[in-house]
Amino acid sequence: MRFLARGGRSSKDRTSLRRHRAARPVLLLLSLFLVGATYAAVSPATESVADGAADAQLIAQGKALFSQNCASCHGLGGEGLAQQGAPALTNVGAAAVDFQVSTGRMPMANPLVQAPAKENTFTEDEIAALAAYVASLGQGPAIPTEDQYNPAGMSPEDVSRGGELFRTNCSACHNFKGAGGALPNGAVAPSLQNATPKQILEALRTGPGQMPIFAEGALPDENAKQVIAYIEQVNAVPAAGLSLGGLGPVAEGFWAWVAGIGSLVLFAVWIASRGARA
Ligand code: HEC
Ligand code: HEC
């Protein structure tokens with residue numbers, strides 16, 4: 001065997017051996033490529049037919065669910081009904097449906113200023129079907145995939161960048177810790193405590209209610225993920241008991257009082273000492 005005798009070879013032998021050894025990976029790559037090419041040539045036809053059938057079935061199921069639960073306000077074709085104040089859904093995309101239904105906002109019980117979040121009564125499959133039907137009506141953002149929103153493995157630098165982005169873009173409405181707050185026009189920016197990473201990204205891309213849309217161009221997926229990592233971290237803190245904010249406004253007021261009165265006392269002492277000198 002050539003390989004066993006390797007140690008005793010001249011340098012010339014070694015180069016030819018290297019050439020031989022290189023031949024193996026090349027052959028392997030070549031055959032992999034051939035397999036790939038053959039597969040690509042054969043499979044799309046069969047795959048897209050199967051996909052198409054599954055899609056059509058999902059859309060049909062979604063259409064049925066939609067006419068029972070949504071059409072009274074949004075119209076049978078999702079065109080929106082002005083008398084219900086319900087917007088057209090023709091270009092909102094699957095992400096908007098997944099967000100609105102998974103947070104329990106839709107179906108709305110009755111048209112209000114703002115659809116409140118509540119218990120979602122649909123299964124994941126039903127939501128997928130509804131989303132597929134609405135997506136089939138036009139264009140709009142798709143439901144994001146896990147690699148777009150899962151913040152696992154983000155570094156501390158990522159989290160602090162997320163914090164900066166959050167303070168610049170979100171805290172005006174949602175408070176710097178995501179605790180939520182009232183908006184001037186009677187709407188409410190909810191607490192982000194219960195939002196899942198997927199729902200956060202969907203909210204960014206679809207801009208529910210009074211919230212502006214943060215499109216991919218303004219806030220790329222990578223930055224959105226940093227914001228998500230920050231929100232997740234902030235949400236985790238109160239449970240660990242490290243945050244003053246977790247104690248509520250009374251405790252915060254108490255510390256403001258201690259610090260405020262404390263500095264006044266120090267100031268008074270300082271004035272007194274100057275007075276004594278004069
Ligand atoms: C009682 C009336 C009503 C029903 C029923 C209803 N909606 Fe809505 N929907 C509204 C109103 C009003 C809004 C706008 C208010 C808001 O976004 O808070 C809205 C907004 C939406 C949006 C957000 C659109 C956007 O521009 O982002 C989606 C998506 C949606 N509805 C999907 C559904 C689906 C799916 C169902 C059925 C499961 C449903 N709705 C049932 C009234 C309704
Ligand atoms: C102009 C105010 C405003 C800004 C800025 C804003 N939001 Fe919102 N956000 C809202 C309002 C209002 C709602 C509720 C909409 C509704 O219920 O229809 C909301 C809803 C959400 C929700 C859904 C929460 C849940 O549990 O249902 C998430 C998540 C969210 N916002 C994240 C963000 C993030 C992240 C940013 C910054 C990149 C941001 N928002 C910026 C006003 C705002």
Side-chain angles (χ1 to χ4, degrees), residues 62-75 78 80-118 120-122 126-135 137-138 140-141 143 149 162-176 178-215 218-219 223-232 234-235:
K63 189 175 182 178
L65 284 165
F66 192 88
S67 44
Q68 282 159 27
N69 300 287
C70 325
S72 60
C73 291
H74 289 288
L81 297 179
Q83 70 269 29
Q84 303 286 353
L89 301 181
T90 37
N91 283 311
V92 299
V97 175
D98 191 55
F99 173 82
Q100 297 283 346
V101 180
S102 74
T103 59
R105 284 180 169 80
M106 293 295 142
M108 223 169 155
N110 44 39
L112 302 163
V113 192
Q114 181 178 352
K118 57 182 181 323
N120 155 40
T121 53
F122 291 86
E126 288 171 333
I127 297 177
L130 281 166
Y133 172 65
V134 171
L137 301 173
I143 297 174
Y149 58 77
E164 278 167 34
L165 289 166
F166 188 87
R167 284 184 287 277
T168 322
N169 296 294
C170 326
S171 62
C173 295
H174 288 284
N175 154 303
F176 74 104
L183 298 181
N185 48 13
V188 172
S191 153
L192 305 181
Q193 182 76 48
N194 296 321
T196 65
K198 188 187 189 190
Q199 289 166 346
I200 298 171
L201 187 55
E202 288 173 342
L204 292 173
R205 299 299 185 235
T206 65
Q210 309 271 326
M211 180 167 153
I213 293 179
F214 293 84
L219 194 74
N223 295 128
K225 215 192 260 187
Q226 292 168 331
V227 172
I228 292 168
Y230 172 76
I231 298 174
E232 292 278 284
V234 167
N235 283 347

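Only this structure's heavy atoms are used, side chains among them; waters, hydrogens and symmetry mates stay out. When a ligand or atom number is given, it counts from 1 through the structure's own listing order. Predicted model, so just to flag it, every value in this text is computed and none were measured.
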At a 4.0 Å threshold, what atoms of ligand 1 neighbour a non-hydrogen atom of [X]?
X: C73; result: 1 (C), 2 (C), 3 (C), 4 (C), 5 (C), 42 (C), 43 (C)
X: V92; result: 24 (C), 25 (C), 26 (O)
X: A96; result: 29 (C)
X: G85; result: 12 (C)

About how many Å separate [atom2] of [Y] and [atom1] of [X], when rounded to the nearest 0.5 Å?
X: Y230; Y: R167; atom1: OH; atom2: CZ; value: 5.0 Å
X: N194; Y: N235; atom1: CG; atom2: CG; value: 8.0 Å
X: C173; Y: L192; atom1: SG; atom2: CG; value: 10.5 Å
X: I127; Y: N120; atom1: CD1; atom2: CG; value: 4.5 Å

- With a 3.5 Å cut-off and no angle check, do the side chains of S72 and Q84 form a donor-acceptor pair? no
- Report yes or no: do N223 and Q226 form a side-chain donor-acceptor pair below 3.5 Å?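 Q226 and N223 do have a side-chain donor-acceptor pair below 3.5 Å.
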- Which one holds for L89 and ligand 1: side chain close, backbone close, both close, or neither close, with close meaning a heavy atom under 4.0 Å?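 Just the side chain.
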- Task: Of the side chain and backbone of P87, name the one, both, or neither that has a heavy atom under 4.0 Å from an atom of ligand 1.
- Result: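 The part of P87 near ligand 1 is the side chain, not the backbone.
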- Is atom 8 (Fe) of ligand 1 less than 2.8 Å from an N/O/S atom of C70, whether that atom is in the backbone or a side chain? no
- Task: Could you please provide the protein residues found below 4.0 Å of ligand 2 on a heavy-atom basis, arranged by chain and number?
- Result: F99, T103, R105, Q114, A115, N169, C170, C173, H174, L183, V188, A189, P190, L192, A195, I200, A203, L204, P208, G209, Q210, M211, P212, F214, V227, I231
Is the backbone of [Y] close enough, under 3.5 Å, to the side chain of [X] for a donor and an acceptor to pair up by distance?
X: H174; Y: S191; value: no
X: R205; Y: I213; value: no
X: N169; Y: L165; value: yes

